[in-house]
Amino acid sequence: MYRQGAVGALLDIYEHAISDLKKVIEDIPDNALTIIINTQTTDENCKSIQTILSHVVSSGYEYATSIHNLKGYNIIRPDKTFHLTIQEYLEDLTNVFTYTENIFKEIRDNELEQFDNSLKIKTAWGQGYDIEQMTEHAIIHILRHKRQIDKIKRSELK
């Protein structure tokens, strides 16, 4: 069953991406979460599966909160947390989607695209995104880190 309209399509695709990530991580042993996989990186979000997943969840909340605040709200996303079990990350991923889905209850299809740069979301990395672009970024972010974790599983966690 598909949701209706352009908003529905974005939510369906986002939910599918999160579901695919959950399938990739569900069989990772808890003791593998904190293993430092990349000793060379200076990116604290990519040192272990734990840091990657905490980053993914935190970013998901950030994207949804930014979209929500575009409508004049001033909420702060939940703090980044680090867990010691895959089950907690599976629950976090479910919760971040539910959070996003609830925020999108106020979004209409005609609000997704915004051509006036002054009305776009200013990202932490300096770009201006409309709601559609921010949501597409959120989807791709999940897919990129799913790929990253899948590669780690295949090469490091045999």
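For the single chain, residues carry numbers from 1 onward in sequence order. What you see is a predicted model, and the numbers here were worked out from it, not measured in a lab.
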Side chain proximity check, Ile18 to Glu15, heavy atoms < 4.5 angstrom: no
Ile76 atom CD1: more than 12 heavy-atom contacts under 6.0 Å: no
Holding to side-chain hydrogen bond (donor to acceptor under 3.5 Å, both in side chains), I want the full list of residues that pass it with Arg108, two or more places apart in sequence or in another chain. none
Intermediate values then yes/no, side-chain contact (heavy atoms from CB on, under 4.5 Å), Ile25 and Ile149: CA-CA 8 Å; Ile25 69 168; Ile149 293 170; 4.0 Å; yes
Any donor-acceptor pair under 3.5 Å linking the side chain of Ser59 with the backbone of Val56? no
Between CG on residue Leu53 and CD1 on residue Ile86, distance to nearest 0.5 Å: 6.0 Å
CD1 (Ile67) and CD (Glu111) are apart, to the nearest 0.5 Å, by 11.0 Å
Is the closest side-chain donor-acceptor distance between His141 and His145 under 3.5 Å? yes
Distance-only, no hydrogens or angles: does the Asp92 side chain make a donor-acceptor pair with backbone N or O of Val57 under 3.5 Å? no
Does atom CZ of Arg3 have more than 12 heavy-atom neighbours, drawn from other residues, nucleotides or ligands, at distances under 6.0 Å? yes
Between Ala17 and Leu143 the two heavy atoms that sit nearest each other are CB-CD2, 3.9 Å
Note, Ile131 side chain near Met134 side chain (heavy atom, < 4.5 Å): no
When every non-hydrogen atom of Ile35 is compared with those of Ser48, the smallest separation belongs to O-CB, 3.2 Å
Using 4.0 Å as the upper bound for N to carboxylate O, is an ion pair formed by Lys146 and Asp150? no
Test item: Leu33 and Phe82 side chains (from C-beta on) under 4.5 Å apart, heavy atoms: no
Hey, does Thr135 have a side-chain heavy atom less than 4.5 Å from the side chain of Val7? no
Joint hydrophobic cluster, Ile75 plus Phe97, side-chain heavy atoms closer than 4.5 Å: yes
Under 4.5 Å between side-chain heavy atoms, counting indirect links through other Ile/Leu/Val/Met/Phe/Trp/Tyr residues: same cluster for Leu84 and Ile37 or not? no
Check step by step if side-chain contact (heavy atoms from CB on, under 4.5 Å) holds for Ile49 and Ile152. CA-CA 8 Å; Ile49 294 172; Ile152 290 167; 4.0 Å; yes
For a 4.5 angstrom cut-off between non-hydrogen side-chain atoms, does Arg77 reach Ser58? yes
Can you tell me how far OH of Tyr2 sits from CG of Leu11, rounded to the nearest 0.5 angstrom? 14.5 Å
Heavy atoms, side chains only, cut-off 4.5 Å: are Asp20 and Val24 in contact? no
Roughly how far, to the nearest 0.5 Å, is CD1 of Ile139 from CG of Asp12? 9.5 Å
Nearest 0.5 angstrom please: Arg147 CZ to Leu21 CG, how far? 14.0 Å
Consider only side-chain N and O atoms of Tyr129 and Ser66, and report whether a donor and an acceptor are under 3.5 Å apart. no
Going by salt bridge (charged side-chain N to carboxylate O under 4.0 Å, His left out), name the pairs with one or both residues in residues 27-55, residues two or more places apart or in two chains. Asp27-Lys153
Check whether Leu10 and Met1 end up in the same hydrophobic cluster, where Ile, Leu, Val, Met, Phe, Trp and Tyr are linked by side-chain heavy atoms less than 4.5 Å apart. no
Do Thr65 and Tyr73 have a side chain donor and acceptor closer than 3.5 Å? no
Polar side-chain atom of Glu113 near backbone of Glu132 as donor-acceptor pair, under 3.5 Å: no
Indicate whether the side chain of Thr85 and that of Glu88 have a donor and an acceptor atom separated by less than 3.5 Å. yes
Looking at side-chain heavy atoms only, is the closest gap between Ile107 and Phe104 below 4.5 Å? yes
Is a donor from one side chain sitting under 3.5 angstrom from an acceptor on the other, for Tyr89 and Glu26? no
For Glu156 and Lys151: C-alpha separation, side-chain torsions, deciding distance, then whether salt bridge (charged side-chain N to carboxylate O under 4.0 Å, His left out) applies. CA-CA 8 Å; Glu156 305 287 332; Lys151 283 177 63 179; over 6 Å; no
Give a yes-or-no answer on whether the side chains of Thr94 and Lys22 include a donor-acceptor pair shorter than 3.5 Å. yes
Please determine whether a side-chain nitrogen of the Lys or Arg among Lys80 and Glu62 lies less than 4.0 Å from a carboxylate oxygen of the Asp or Glu. no
Does Thr100 reach the side chain of Tyr14, with side-chain heavy atoms less than 4.5 Å apart? yes
How close do Glu106 and His68 get, counting heavy atoms only, and between which atoms? OE2-CE1, 4.0 Å
What's the separation between atom CG in Asp109 and atom CD in Gln4, rounded to the nearest 0.5 Å? 9.5 Å
